[in-house]
Amino acid sequence: MYPPACPICGTPLPAGLRQQGICRGCVKKIVYIGDESCLKCGKPLDVDDKEYCHDCAKTKHIFDRSAAVFSYSDGLKQSIYRFKYKGCREYGKWYATQMADKLGMLIKIWSPDVIVPVPMYAKKQRVRGYNQAEIIACELGKIIHVPVNTRFLKRNKNTVPMKEVSGHDRSKNLENAFIADKNVVKYKKILLVDDIYTTGATLDACAAVLKKYGVEKVYGACLCIGRGMS
């Protein structure tokens, strides 16, 4: 009954733009990450960076590699806010389409056995009604034909939102926050999906518990990442 809305400005899309999934004007409000990106986390590189961003040059990450589609621009920030807190779940399909388009070849090279969304704490998910990473992961799995498993990784600790924590405290905030089903060992390569990459602490915490149970490679695909986010 209702036409799909632009995921950036939230206004109904004219029939001619529904295939693209975004307003013409809003295309200018989003910033795709280009080829000059960190070989570890996918963050856009500064002029003085070589192969790795400043954070990854001094940090030993547990995840093997990660990549993202967008820089964390103001336009996308409002879109993700509505997606996470205002019930705009339909945005997940466009997000996943963009992820498949921009990261599809890289994901194919990684050849993950399964896609696993970064889990939410169960009580928080019941209050919100859904896990935004799970929505993106399920839509992505349909597009690239990789199975999605939402049961093998659980968050068993109600951590402080990462945007409220900085620096080293992010890793401490996530200590013992995740648990994995022992049957996860049947997967050798896992692709974690999340909405926002900041320091990589969340991906590292997930990768640590997955590798503890025998997973060999853990990759990350995130919707957006911020230049200089810490």
Side-chain angles (χ1 to χ4, degrees), residues 7-8 22 26-84 91-92 94-107 109-110 112 115-118 120 131-137 139-140 159 161-171 173-174 190-207 218-230:
I8 305 302
I22 185 173
C26 287
V27 172
K28 301 174 183 178
K29 298 179 182 179
I30 57 177
V31 181
Y32 289 100
I33 293 176
D35 294 333
E36 297 297 319
S37 59
C38 176
L39 292 181
K40 187 68 175 182
C41 73
K43 185 179 295 184
L45 292 174
D46 291 320
V47 177
D48 56 345
D49 291 327
K50 294 182 180 179
E51 295 182 332
Y52 300 96
C53 68
H54 177 71
D55 288 340
C56 290
K58 63 179 183 180
T59 303
K60 184 174 177 58
H61 287 295
I62 301 171
F63 67 85
D64 291 276
R65 192 175 171 188
S66 181
V69 181
F70 302 106
S71 288
Y72 195 49
S73 61
D74 289 338
L76 196 65
K77 186 185 300 184
Q78 293 303 314
S79 176
I80 292 176
Y81 177 82
R82 294 194 302 274
F83 177 55
K84 293 172 70 170
Y91 292 0
W94 183 77
Y95 293 157
T97 300
Q98 295 298 299
M99 193 175 285
D101 183 48
K102 301 301 178 182
L103 306 181
M105 289 301 296
L106 183 59
I107 294 173
I109 292 171
W110 293 342
I115 296 172
V116 174
V118 171
M120 287 179 66
N131 173 6
Q132 71 278 355
E134 183 176 326
I135 290 175
I136 299 173
E139 293 291 347
L140 179 63
T159 55
M162 295 298 274
K163 63 184 179 181
E164 299 176 13
V165 187
S166 61
H168 179 65
D169 291 337
R170 293 191 173 193
S171 296
N173 183 42
L174 290 166
I190 286 180
L191 177 67
L192 293 170
V193 168
D194 206 0
D195 55 349
I196 304 172
Y197 180 103
T198 49
T199 62
T202 300
L203 292 186
D204 278 335
C206 291
V218 178
Y219 302 102
C222 299
L223 182 64
C224 64
I225 192 170
R227 182 190 295 274
M229 292 180 77
S230 59

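Below, each value reflects all heavy atoms present in this structure, side chains not excepted, and no hydrogens, waters or symmetry copies.
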Practice problem: List the atom of Pro44, the atom of Ser71, and the distance in Å for their closest heavy-atom pair. | Solution: CG-OG, 3.7 Å
Quiz item: Between Leu106 and Ala67, which heavy-atom pair has the shortest distance, and what is it?
Solution: CD2-CB, 3.7 Å
Quiz prompt | Audit row: Cys41, Ile225, side chain to side chain contact (heavy atoms under 4.5 Å, CB included) steps and yes/no | solution = CA-CA 9 Å; Cys41 73; Ile225 192 170; 4.1 Å; yes
Self-check item: Flag side-chain contact, heavy atom, 4.5 Å: Ile62 against Val218
Solution: no
Quiz prompt | Note, Ile107 side chain near Pro112 side chain (heavy atom, < 4.5 Å) | solution = yes
Spacing of [X] atom [atom1] and [Y] atom [atom2] [to the nearest 0.5 Å]:
X: Thr198; Y: Leu203; atom1: OG1; atom2: CG; value: 8.5 Å
X: Ile109; Y: Leu103; atom1: CD1; atom2: CG; value: 11.5 Å
X: Glu51; Y: Cys38; atom1: CD; atom2: SG; value: 9.5 Å
X: Lys50; Y: Leu45; atom1: NZ; atom2: CG; value: 12.5 Å
X: Glu139; Y: Met99; atom1: CD; atom2: CE; value: 11.5 Å
X: Asp74; Y: Gln78; atom1: CG; atom2: CD; value: 7.5 Å

Self-check item: Distance-only polar pair, side chains of Gln98 and Tyr32, donor-acceptor under 3.5 Å
Solution: yes
Self-check item: Set of residues satisfying salt bridge (charged side-chain N to carboxylate O under 4.0 Å, His left out) with respect to Glu134, sequence neighbours excluded
Solution: none
Whether the side chain of [X] engages the backbone of [Y] through a donor-acceptor N/O pair (distance < 3.5 Å, no angle test) should be reported.
X: Arg65; Y: Gly42; result: no
X: Ser73; Y: Lys29; result: yes
X: Ser79; Y: Pro7; result: yes
X: Lys40; Y: Phe63; result: yes

Practice problem: Could you walk me through whether Ile30 and Ile22 pass the side chain to side chain contact (heavy atoms under 4.5 Å, CB included) test, one step at a time? | Solution: CA-CA 10 Å; Ile30 57 177; Ile22 185 173; 3.8 Å; yes
Quiz item: Which residue pairs satisfy the salt bridge (charged side-chain N to carboxylate O under 4.0 Å, His left out) criterion with at least one member in residues 192-201, sequence neighbours excluded?
Solution: Lys84-Asp195
Practice problem: Test side chain to side chain contact (heavy atoms under 4.5 Å, CB included) on Ile8 and Leu76 and set out the steps. | Solution: CA-CA 6 Å; Ile8 305 302; Leu76 196 65; 4.1 Å; yes
Practice problem: Kindly assign one of parallel, tilted or perpendicular to the pair Tyr95 and Phe83, based on the angle between their ring planes and the thresholds 30° and 60°. | Solution: perpendicular
Practice problem: Describe, in one word, how the ring planes of Trp94 and Phe70 are oriented to each other, choosing from parallel (under 30°), tilted (30 to 60°) and perpendicular (over 60°). | Solution: parallel
Self-check item: With Tyr72, the side-chain contact (heavy atoms from CB on, under 4.5 Å) member among Val31, Ile196, Leu223
Solution: Ile196
